[in-house]
Protein chains: 2
Amino acid sequence: MRIGKVAERAGVSVRALRYYEEQGLVIADRSPSGHRRYPESAVERVKFIQLLYAAGLASKAIRQILPFLDTLVATPQMTRRLMDERARIRVQIDALTRAQDRLDELIRLSAEYENAPATCSAT
Amino acid sequence: MRIGKVAERAGVSVRALRYYEEQGLVIADRSPSGHRRYPESAVERVKFIQLLYAAGLASKAIRQILPFLDTLVATPQMTRRLMDERARIRVQIDALTRAQDRLDELIRLSAEYENAPATCSAT
DNA sequence: CTTGATCCTCACGTTGACGTGAGGTTCTAG
DNA sequence: CTAGAACCTCACGTCAACGTGAGGATCAAG
């Protein structure tokens, strides 16, 4: 498959795919003229990469984790990285949840203000 | 209170506090010699700012929200911003949760590999 | 054969929340 | 009164995941 099709089906930019290759996350072989050729599996692989990026993992972390998908061989570094990132994500979810709760408070207060009759300018 | 003390008590760097002032998030008056003077309330304010930064809000968004804490007057922009950011945070939590689940899968597989007797080199 | 879509490789630009000196002033404890 | 801690204002550096041309080759269709 050519790069444009992979980009379309995985929902990323062509530039992003070239960047992933530069980072060693996706390996593409080349046609005689130098155009990248991807296997079908690349689409799912890229989607997975996007999932991890969206969770705040850096290229380096993803690079350490991805080989496991190919070989199903877990080195100690890979296992450690998996658990580290999982822990980090949990911490991040907790922080987001706290922020969400605080925003909910403010939204409630805001709604109360909107409904306060004496302070409404109109009507 | 002086900037160093605020930084220590709020758990941020002195540089960060100057940056917050530059962004209009924390207003400090000055001593005759030009040193920043903060009220006690600044510590809580900065902690709240940190909470929002940790949740991925940008300075601009925080700047739109913060006046509500002071005046308890909600403009339509503030209410909209509050709800937009809340929605964004929810989406982000969902993404993180999906990533967490995927990592859990991999961690399980990794553990199974570790326990596979035939593939252990030692012993 | 030609034309428009798609691809290639550089390589610099972007963004945000600070870090990090440089060079100088002010405060405070002894 | 003096040294060191703490403060000040520039102002450039950082880092990551791409965006965005520049300038050119290749491919698919008519």
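All chains are named by letter (A, B, ...) in the order of the sequence lines, taking the proteins before the strands, and each is independently numbered beginning at 1. These numbers were taken from a predicted model, which means no experiment stands behind them.
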> Are the aromatic ring centres of B:Tyr20 and B:Tyr53 under 6.0 angstrom apart?
Replying inline: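 Close enough - the centres of the two rings lie under 6.0 Å apart.
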Hey, is the side chain of [X] poking within less than 4.0 Å of OP1 or OP2 on [N], counting only N and O atoms?
| X | N | value |
| --- | --- | --- |
| A:Ser13 | D:dG19 | yes |
| B:Ser33 | C:dT25 | no |
| B:Arg15 | D:dC7 | no |
| A:Arg30 | C:dT9 | yes |
| B:Arg18 | D:dC8 | yes |
| B:Tyr19 | C:dA17 | yes |

>> Between A:Arg81 and A:Glu85, does the salt bridge (Lys or Arg N to Asp or Glu O under 4.0 Å) criterion hold? Intermediate values first, please.
In response: CA-CA 6 Å; A:Arg81 180 62 88 171; A:Glu85 294 296 340; 3.2 Å; yes
> Where the side chain of A:Gln50 is concerned, which of D:dC7, D:dC18, D:dC27 is the nearest nucleotide?
Replying inline: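 Given the options D:dC7, D:dC18, D:dC27, the side chain of A:Gln50 is closest to D:dC18.
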> Counting side-chain heavy atoms from CB outward, which of D:dA6, D:dA17, C:dA17 is closest to B:Arg2?
Replying inline: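 My answer, after comparing the listed nucleotides, is D:dA6.
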> If you pin A:Leu57 and B:His35 to their nearest nucleotides in DNA chain D, which one's is more 5'?
Replying inline: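 Mapping each residue to its closest nucleotide by heavy atoms, the 5'-most match is B:His35.
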>> Quick check: on DNA chain C, is the nucleotide nearest B:Val14 upstream (toward 5') of the one nearest A:Ile3, or the reverse? Name the residue that is more 5'.
In response: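 With A:Ile3 and B:Val14 compared, the 5'-side residue is A:Ile3.
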